[in-house]
Number of protein chains: 2
Amino acid sequence: MATIKDVAQRAGVSPSTASRAMHGSKIISKPTRDKVVKAARELNYAPDFNAQNLATKASNTIGVVLPVDHHEIFSNPFFLEMIRGINEVCSKNGSMTTLATGISSDELVHNIDVMIAQGHIRNFILLYSEKNDPVVARLNHFDVQYVVIGKPYQEVNKTSYVDNDNIQAGTDAAQYLLDRGHRRICFLYSDLTKMVQGDRMLGYQRAMMQQNLPNIMLEERFENHAAGVAALKTFFEQYPDVTGFVAVDDMMALKLQQVLHNDPEWKVKQFSLIGFNNSIFSDLAHPTLTSVAVFPQRLGEEAAKIAMADHPTDELSTAVIVPHQIVKRHSVHQIKSLK
Amino acid sequence: MATIKDVAQRAGVSPSTASRAMHGSKIISKPTRDKVVKAARELNYAPDFNAQNLATKASNTIGVVLPVDHHEIFSNPFFLEMIRGINEVCSKNGSMTTLATGISSDELVHNIDVMIAQGHIRNFILLYSEKNDPVVARLNHFDVQYVVIGKPYQEVNKTSYVDNDNIQAGTDAAQYLLDRGHRRICFLYSDLTKMVQGDRMLGYQRAMMQQNLPNIMLEERFENHAAGVAALKTFFEQYPDVTGFVAVDDMMALKLQQVLHNDPEWKVKQFSLIGFNNSIFSDLAHPTLTSVAVFPQRLGEEAAKIAMADHPTDELSTAVIVPHQIVKRHSVHQIKSLK
DNA sequence: CAAATTTATGCAATCGCTTGCAAAAGATTT
DNA sequence: AAATCTTTTGCAAGCGATTGCATAAATTTG
């Protein structure tokens, strides 16, 4: 493994000159710089990561924090995509990424404590946003920079984040059904304490209000088939003329679809469905699911860019909104022109 | 940020003594060791990662390599679980994990080259196993240790790996149907060049052969609904008395189920289905899918354990087989006792 | 009780790189 | 041509840990 001394020797200069040359310092004359670069290339030199960080006291790795909750992971099959996005821009900038996980909240916090104490994390990216997150508390306490993916629950103006415009996405989804002639549209969700779900609902409501149409909401987790059937039965008694559903994510949409398709009476009615996330579920459904794509990889990329920018603590935070896009498949039907 | 000097000073000893004490060296007397440990705790001391690695020349981070192929990632929603498993045992052992990803094979290899050159990766874990993998070639070339998750395609005896016993899993799945009275069972797959699929098929064949029953195979990708319907139509013409399917993974099973359920004639026949991976799809299906669980987190854990063990290159490789387990749900039915 | 051992501690060099400062070389001015 | 100013380079001191070797303290032995 070649060191900077080897490079220096081969180029016939001192290590300090070599170092400066490698960093493209402009106080080094062009000829020597070239000599050094050439020597470095010949020796296949790469600066030792640890030595470099030790000397500069500026670490170059980004800590990516996964949420604790298992279920959360499963229901968001795109964590990996975010990670990939992060890693993509980090490696382009010569940074590393390292993961922080934990079985429990305590363990996660502990792991993060250690990472901070070891002092080689430049800053963190949280792949989730949660109310009263102890991790956030910890990072604030140690005054460590971080950026969250998703809308921060607190200190919104002080924390950097990247997110989709979920309200707008909700509006767009509802509008998509409205544009195809639907008038009675139901918003289906499972847990309003999640800000994503709340925001998408808000967006749906906005679209409906602008058309002077009623909000029709259904909360259901589809824990099992029977429960789903029962819930829908009650629902349709109250709202017999619903023709379309905006489901808060693809998984919900798929579950709804399963229930509707397994009932002969409901099946013939050909309800229209639109989901969110453009996940693997949307391709799996039959008919395939129209869905609002949110580009998790892009979210990761943007988060990484912010993370690499290194704001001093007193500077203003950055927020980036990643656009969404409706991916048209076959689950939404045009309503025969009524009126 | 406390350094070893701070600790030493507070404990009233020299840095070297402090260092030795922290490592539990037994040439340090108990009382001073206690003093040091106490001081360290009080100062919330953790050794600087970079300094430590630089001094010991022994790095402590594990590189986790994700496959290039996007599709592979999506269709295996448990990569994250493996990563979590890896990270879990690494952080318990005071190691870090860092990721290697790439949009293309070239980029991935390049990123790995850099990581190796920077010389701070202890060794690698590949989350996949692939024929003629350029990454493997690279690692071999630099003589870097690695362990793969999945069965290695080459140098099987020389490379450490952790995997399920997919052949046995295939046998168990088929046997599960056999035990419930099924006699004509079809094995459904999509791509035999993947060793997982081939192995599961082999296992299925073994079970069938032992009962002197014919192998019935169906290759189908269910790229769209119509294609699936057509394929099954042809299939049932040839094998009208099939009652059960062993699908090579849950996604295939779910797709098959969709097709079967949307045809009134097939639907009534109540085919039995079993899948693999116990993924989120198995809970999503209706009826819920019986599936062979493979415990990806465990795979990750075992891989990490091997990775942390640091074999000298000339030592024999290690292979760990993680057990599987059938998770019973509602997609398999008992056949009325015939015979 | 002095000498020889054993045990516990500290000094100082080292890992590979960066960087402030001083010295050397080159260019410019008078 | 000497003096001054720039531009380039090198010396040496860190960064925070570890570790071989020497020394100091404690213990045992003659």
Side-chain angles (χ1 to χ4, degrees), chain A residues 1-37 39-40 43-61 94-96 114-122, chain B residues 1-37 39-40 43-61 94-96 114-122:
Chain A
M1 207 94 293
T3 76
I4 189 103
K5 281 185 193 167
D6 301 327
V7 174
Q9 189 170 9
R10 177 176 256 261
V13 298
S14 76
S16 38
T17 304
S19 171
R20 283 190 258 258
M22 291 301 294
H23 290 289
S25 166
K26 46 184 297 192
I27 69 167
I28 298 291
S29 70
K30 183 106 190 339
T32 44
R33 184 166 31 199
D34 290 347
K35 261 192 309 186
V36 171
V37 170
L43 292 175
N44 211 294
Y45 167 80
D48 181 280
F49 191 77
N50 297 123
Q52 195 166 46
N53 288 340
L54 179 58
T56 57
K57 298 182 69 58
S59 181
N60 225 1
T61 111
S95 286
M96 317 248 63
V114 172
M115 291 168 83
I116 295 176
Q118 286 176 330
H120 71 129
I121 304 290
R122 179 168 175 168
Chain B
M1 207 97 294
T3 75
I4 189 96
K5 283 184 191 166
D6 301 327
V7 174
Q9 188 171 7
R10 177 174 255 260
V13 298
S14 77
S16 38
T17 303
S19 172
R20 283 190 259 258
M22 290 302 293
H23 289 289
S25 166
K26 45 184 296 189
I27 70 166
I28 299 291
S29 69
K30 183 107 189 342
T32 44
R33 185 169 28 200
D34 290 347
K35 262 192 309 187
V36 171
V37 171
L43 292 175
N44 210 296
Y45 167 79
D48 182 279
F49 191 77
N50 297 123
Q52 196 166 47
N53 288 340
L54 178 58
T56 58
K57 297 183 71 57
S59 180
N60 224 2
T61 109
S95 285
M96 316 248 63
V114 173
M115 290 168 84
I116 295 176
Q118 287 176 329
H120 70 130
I121 303 291
R122 180 169 174 167

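A note on names: the letters A, B, ... follow the listed sequences, proteins ahead of strands, and every chain is numbered from 1.
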Tell me what Tyr45(A) touches on the nucleic acid: a base, only sugar-phosphate, or nothing, going by heavy atoms under 4.0 Å. sugar-phosphate
Produce the list of close N/O pairs, under 3.5 Å, pairing protein atoms with atoms of nucleotides 22-24 of chain C; give distances to one decimal.
none

Per nearest nucleotide of DNA chain D, the residue lying toward the 5' end, Ala55(B) or Thr32(A), is Thr32(A)
Among residues 8-21 of chain A, which residues get a heavy atom nearer than 4.0 Å to DNA chain D? Val13(A), Ser14(A), Ser16(A), Thr17(A), Arg20(A)
For Arg10(A), the salt bridge (charged side-chain N to carboxylate O under 4.0 Å, His left out) test, sequence neighbours excluded, returns Glu42(A)
Whole Å only: how far is the CG atom of Asn50(B) from the P atom of dT18(C)? 13 Å
Nearest whole Å is fine: how far is dG16(C) C1' from Asp48(B) CG? 14 Å
Straight-line distance of Gln52(A) CD to Ser19(A) OG, nearest 0.5 Å: 8.0 Å
Taking atom P of dC15(C) as reference, at what distance in whole Å does atom CG of Asn60(B) sit? 20 Å
Rounded interatomic separation in angstrom, taking NZ from Lys5(B) and P from dT9(C): 20 Å
Nearest-nucleotide check on DNA chain C, Ile27(A) vs Ala2(A); residue mapping nearer the 5' end is Ala2(A)
Between Lys57(A) (NZ) and dC17(C) (P), how many Å, whole number? 18 Å
Separation of Asp48(B) CG from Lys57(A) NZ (nearest 0.5 Å): 7.5 Å
For the pair made of CG in Asp34(B) and P in dT9(C), what is the distance, rounded to whole Å? 11 Å
Could you tell me which non-hydrogen atom of Val36(A) sits nearest to which non-hydrogen atom of Met22(A), and how far apart they are? CG1-SD, 4.0 Å
Should Met96(A) and His120(B) be marked as a side-chain contact (heavy atoms from CB on, under 4.5 Å) after you check the CA-CA gap, both sets of side-chain angles, and the distance that decides it? CA-CA 11 Å; Met96(A) 317 248 63; His120(B) 70 130; 3.2 Å; yes
Who pairs with Lys26(A) by salt bridge (charged side-chain N to carboxylate O under 4.0 Å, His left out), at least two apart in sequence or on another chain? none
Side-chain N or O of Ser29(B) closer than 4.0 Å to phosphate OP1/OP2 of dT7(C): no
Got a sec, which residues hit side chain to side chain donor-acceptor pair (under 3.5 Å) with Ser95(A), two or more places apart in sequence or on another chain? Asn60(A)
Using side chain to side chain contact (heavy atoms under 4.5 Å, CB included) as the criterion, list what pairs up with Ala8(B), not counting sequence neighbours. Val13(B), Pro15(B), Ala18(B)
Just to verify, what does Asp34(A) make a salt bridge (charged side-chain N to carboxylate O under 4.0 Å, His left out) with, not counting sequence neighbours? Lys30(A)
The helix from dC1(C)-dG30(D) to dT30(C)-dA1(D): angle between end helix axes, five pairs per end, rounded to 10 degrees: 60°
Which residues share a side chain to side chain donor-acceptor pair (under 3.5 Å) with Asn44(B), sequence neighbours left out: none
First and last nt of DNA chain D near chain B, cut-off under 4.0 Å to heavy atoms, 5' to 3', are dG16(D) to dG20(D)
Side chain to side chain donor-acceptor pair (under 3.5 Å) with Thr56(B): which residues, sequence neighbours excluded? none
Would you indicate, yes or no, if dG16(C) has its OP1 or OP2 atom less than 4.0 angstrom from a side-chain nitrogen or oxygen of Gln52(A)? no
Taking side chain to side chain donor-acceptor pair (under 3.5 Å) as the definition, give me every residue that meets it alongside Thr61(A), ordered by chain and number, with sequence neighbours left out. none
Please tell me which of Lys30(B) and Met22(A) maps to the more 5' nucleotide of DNA chain C, matching each residue to the nucleotide holding its nearest heavy atom. Lys30(B)
Met1(A) side, atom CE; Gln118(B) side, atom CD - distance, nearest 0.5 Å: 11.0 Å
Rounded to whole Å, please give me the gap between NE2 in His120(B) and C1' in dC17(C). 15 Å
Passes side-chain contact (heavy atoms from CB on, under 4.5 Å), Thr17(B) versus Ile28(B)? Steps please. CA-CA 7 Å; Thr17(B) 303; Ile28(B) 299 291; 3.8 Å; yes
Can you check the Met1(A) CE to dC17(C) P distance for me, whole Å? 11 Å
